[in-house]
Each structure stands twice: as structure tokens, then as C-alpha cells.
Amino acid sequence: MSTATTPGSTVELDELGKFFNITARRIDAGETAPQMFSAAIDATWHTLVADPAAHDAFALKHAGRKLEHVEMQGFGPIAWVAAYEEAYGPLPEIWFTNADGTVNTEARAEYLETGTVTAEWDCGPRPGPGDGDDLTPAASYL
């Protein structure tokens with residue numbers, strides 16, 4: 001395992017913005033919302049959630065709507081990786097990083113070798129109240 005960036009850095013915020021963009025695309029297409037499997041990016045999301053006005057502004061900028069951070073647990077293939085790669089290229093190391101900055105090099109190597117990510121997650125986004133969108137993600141993310 002190696003060490004990446006510190007929690008809350010620009011890298012995490014940039015990736016959270018990309019994640020919100022992928023979220024909006026999936027919701028607009030009638031697909032399930034993406035699973036948040038990076039503890040490092042999720043830690044930044046939690047910091048942003050603590051300031052609702054900043055969180056709403058960030059979500060509106062990157063997803064065109066308010067989003068809520070909701071608890072949901074699961075394990076399996078991460079379905080949105082191909083959409084991310086099409087829009088932004090390969091997932092960077094931060095997606096495989098824990099909140100303390102430790103990179104799961106085995107999971108990253110598997111992704112680089114196979115192009116797929118199988119991971120555990122405990123949260124994800126859903127459209128927030130007052131966003132004008134009544135769509136909600138399905139309960140199951142597998």
C-alpha cells in the first residue's frame with residue numbers, strides 16, 4: 001500500500017465533481033445512482049455535507065441538481081466505471097484510497113489489469129428535495 005493525497009484536497013473535490021456529473025447522467029438515463037466506493041472521496045463529501053449551502057452549490061455546479069448523501073451498503077461490481085472512463089479516462093489512484101490516505105494497491109492493480117472494479121460501498125447519492133427531479137435511484141446497486 002502507498003500513500004496518496006490528504007483528505008479534502010483538490011484531487012478529492014475534482015473527483016467528487018466528476019462523480020456528481022456521472023450521477024446526473026445515470027439518473028437522467030433512468031439508471032441507478034453510482035456507488036461511492038472511495039473512502040477518501042467520501043470523506044471529502046462528508047466535509048461538504050456539513051455545509052448544506054456549499055454542498056447544494058457544488059451539486060448544482062457538477063450535477064445540475066441538488067443531491068443527497070444517503071447510506072446504502074453493498075458489495076459488487078461498480079457499474080459506472082465505463083461511463084467515467086468514457087468521460088474522463090481511467091480512474092485515478094484516489095478512487096482506491098482510504099480516508100487516511102492509504103492506497104489499496106491490489107484493488108488498483110486489478111482495475112488496471114481487468115478494467116473492472118469490484119468493491120464495497122456504504123453510501124451514494126440521490127436527488128435532493130427541491131431539485132425538480134422526482135427520479136430516485138433503485139434500492140439495489142448490483
Side-chain angles (χ1 to χ4, degrees), residues 1 3-112 114-142:
M1 301 234 170
T3 300
T5 59
T6 58
S9 75
T10 302
V11 172
E12 285 91 340
L13 281 173
D14 288 346
E15 290 303 311
L16 183 60
K18 293 173 183 177
F19 179 76
F20 280 13
N21 181 273
I22 296 296
T23 297
R25 290 176 176 193
R26 290 182 63 85
I27 291 169
D28 289 347
E31 299 173 337
T32 59
Q35 312 92 334
M36 173 52 73
F37 71 92
S38 169
I41 297 169
D42 188 43
T44 296
W45 193 0
H46 279 257
T47 300
L48 196 56
V49 166
D51 182 347
H55 182 269
D56 286 351
F58 187 86
L60 287 169
K61 177 181 177 183
H62 294 282
R65 70 196 75 208
K66 292 180 182 181
L67 295 172
E68 291 183 358
H69 180 278
V70 294
E71 292 184 24
M72 56 188 71
Q73 295 183 342
F75 176 84
I78 303 300
W80 55 268
V81 172
Y84 180 100
E85 291 173 333
E86 183 178 314
Y88 306 110
L91 290 170
E93 185 176 81
I94 195 67
W95 280 102
F96 302 91
T97 304
N98 294 331
D100 68 1
T102 303
V103 176
N104 183 335
T105 55
E106 291 176 14
R108 175 128 168 92
E110 182 179 335
Y111 162 67
L112 292 173
T114 66
T116 61
V117 176
T118 301
E120 186 174 345
W121 62 89
D122 61 10
C123 65
R126 77 169 173 218
D131 68 355
D133 188 346
D134 292 336
L135 294 175
T136 57
S140 173
Y141 287 84
L142 294 178

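Annotation: side chain of H69 is not in contact with side chain of P125 (no heavy-atom distance under 4.5 Å). Using a 4.5 Å heavy-atom threshold, the side chains of P127 and I27 count as touching. Using a 4.5 Å heavy-atom threshold, the side chains of I41 and F19 count as separate. Residues L48 and L16 are in side-chain contact: their nearest non-hydrogen atoms beyond the backbone lie under 4.5 Å apart.
Here CD of E120 is found 12.0 Å from OG1 of T118. Values are rounded to the nearest 0.5 Å. Atoms CG and NZ, on L60 and K66 in that order, are 7.0 Å from each other to the nearest 0.5 Å.
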Q. Would F58 and L67 satisfy side-chain contact (heavy atoms from CB on, under 4.5 Å), going step by step from the backbone distance to the final call?
A. CA-CA 9 Å; F58 187 86; L67 295 172; over 6 Å; no

- Message: Walk me through whether F37 and L91 qualify under side-chain contact (heavy atoms from CB on, under 4.5 Å).
- Response: CA-CA 12 Å; F37 71 92; L91 290 170; 4.1 Å; yes

Self-check item: Evaluation steps, side-chain contact (heavy atoms from CB on, under 4.5 Å), between T105 and F96
Solution: CA-CA 7 Å; T105 55; F96 302 91; over 6 Å; no

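A donor-acceptor pair shorter than 3.5 Å cannot be found between the side chains of N104 and R108. A donor-acceptor contact closer than 3.5 angstrom is absent between the side chains of D51 and H55.
Across every non-hydrogen atom of A40 and I94, the tightest pair is CB-CD1, 3.9 Å. Across A63 and F20, no two heavy atoms sit closer than the pair CB-O, 3.4 Å. When all heavy atoms of V70 and M72 are compared, the pair lying nearest together is CG2-CE, 2.9 Å. Across all non-hydrogen atoms, the minimal contact from R25 to A87 is NH1-CB, 3.5 Å. Across all their heavy atoms, W121 and M36 have their closest contact at CB-O, 3.2 Å.
With R26 as reference, I22 is the one residue of I22, D28, T23 to meet the side chain to side chain contact (heavy atoms under 4.5 Å, CB included) rule.
No donor-acceptor pair under 3.5 Å is formed between the side chain of T116 and the backbone N or O of Y111. A distance-only check finds no donor-acceptor pair linking the side chain of N98 to the backbone of D100 [under 3.5 Å].
Residue pairs that meet the side-chain hydrogen bond (donor to acceptor under 3.5 Å, both in side chains) test with at least one member in residues 70-82, sequence neighbours left out, are Q35-W80.
Classification of the W95-Y84 ring pair by plane angle, with boundaries at 30° and 60°, yields perpendicular.
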